[in-house]
There are 2 protein chains.
Amino acid sequence: MPKKKEYTLKGLRERELLDLADLFKMFADSTRIKILYDLFDGEKNVTEICEDIEMNQSAVSHQLRALKTAKLIKSRREGKSVMYSLDDDHVKTIIEMGKEHIEE
Amino acid sequence: MPKKKEYTLKGLRERELLDLADLFKMFADSTRIKILYDLFDGEKNVTEICEDIEMNQSAVSHQLRALKTAKLIKSRREGKSVMYSLDDDHVKTIIEMGKEHIEE
DNA sequence: TGAACATATGATAATATATTCATATGAAAA
DNA sequence: TTTTCATATGAATATATTATCATATGTTCA
């Protein structure tokens, strides 16, 4: 019997559309935007990030995990610290595009 | 007396960071992504959009308003219909960047 | 004018999300 | 091996967001 046609919107499957929305969710919170933007100048540990963005450690840690899950940042341990850095070239572009929009 | 120093993160003010997050919120929902993506090929009325993305009229109308408030789309009335179209060149770029990310 | 069609809106309920607090884990230094 | 510093995590609360339902508004045409 014929399978029910899968929903697509001009080639994009439902799954991809949901993934796309999930990706943009990562940029849709000011704490996460601050973290990403803060990492524009390179690797930083959690304490540094907390100071830069003026948020407490737990909140930052939760958001770092979300960003890491979304593969927007990566981490490596260095002694007691964990160093975080951007893991995707598109991050800067996406944020820059956003900035251009709001600056109009 | 000295004013308390306003929070900025490398030149971006708190206000701008919030605006940036608000902008990306518009892309952070699959209904809105579908609408934007649907409008890639040009102007459409509400009924068409509803059919294309398979969502009911009220939900679509609510989201159209959000997108319009964010200045991502614009509208004009044509008889009984209201035609919507993209109102920002960055929209396509932002979504394309997102697609590239998830396709990796 | 009043049907019929197209779109918008307000209120509500369901769901998702973020921050905080308390505490756990992990690494280094005393 | 205990203390200290750095980070992660779970639970709970508070807040935000979305879809739905009912209905209102606006437009055309008979």
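Residue numbers begin at 1 in each chain, while the letters A, B, ... track the order of the sequences.
Looking at heavy-atom distances under 4.0 Å, B:Thr47 makes contact with sugar-phosphate atoms alone, never a base. Within the 4.0 angstrom heavy-atom criterion, only backbone atoms of the sugar-phosphate kind lie near B:Ser81; the bases stay farther away.
The local environment of NZ in A:Lys74 is crowded, with over 12 non-hydrogen atoms from other residues, nucleotides or ligands closer than 6.0 Å. Within 6.0 Å of CG in A:Asp89 there are 12 or fewer heavy atoms belonging to other residues, nucleotides or ligands. Dense packing is recorded around CZ of B:Arg15, with more than 12 heavy atoms of other residues, nucleotides or ligands lying under 6.0 Å away.
The nearest heavy atom of DNA chain C to A:Asp22 and to B:Asn45 marks one nucleotide each, and the one closer to the 5' end goes with B:Asn45. If you find the closest nucleotide of DNA chain C to A:Met55 and to B:Arg77, the one lying nearer the 5' end belongs to B:Arg77.
Judged by distance alone with a 3.5 Å cut-off, a donor-acceptor contact links the side chain of B:His62 to the base of D:dT20.
No side-chain heavy atom of A:Tyr37 sits less than 4.5 Å from a side-chain heavy atom of B:Leu20. Residues A:Leu72 and A:Arg32 are not in side-chain contact: their nearest non-hydrogen atoms beyond the backbone lie 4.5 Å or more apart.
In this structure, CD1 of B:Ile33 is placed 16 Å from C1' of D:dT17, rounded to the nearest angstrom. Summarising the geometry, the separation between NZ on B:Lys25 and P on D:dA16 is reported as 9 Å, rounded to the nearest angstrom. Taking atom NZ on A:Lys80 and atom P on D:dT4, their separation rounds to 12 Å, with Å as the unit. Straight-line distance from the CG atom of B:Leu64 to the P atom of D:dA19: 12 Å, rounded to whole Å. In this structure, B:Leu67 atom CG and D:dT17 atom C1' are separated by 14 Å, rounded to whole Å.
You'll find that the side chain of B:Gln63 is closest to D:dT18, out of D:dC21, D:dT18, D:dG10.
Taking a cutoff of 4.0 Å between a charged side-chain nitrogen and a carboxylate oxygen, A:Arg76 and A:Glu43 qualify as a salt bridge.
Below 30°, between 30° and 60°, or above 60°: for B:His90 and A:His101 the angle between ring planes is above 60°, a perpendicular geometry.
For B:Thr31 and D:dA19, the shortest distance from a side-chain N or O to OP1 or OP2 is below 4.0 Å. In this model, the phosphate group of D:dA19 is not approached by any side-chain N or O of B:Gln57 to a distance below 4.0 Å at OP1 or OP2.
For DNA chain C, the contact window with chain A, defined by any atom under 4.0 Å from a protein heavy atom, covers C:dT17 to C:dA28 in 5' to 3' order.
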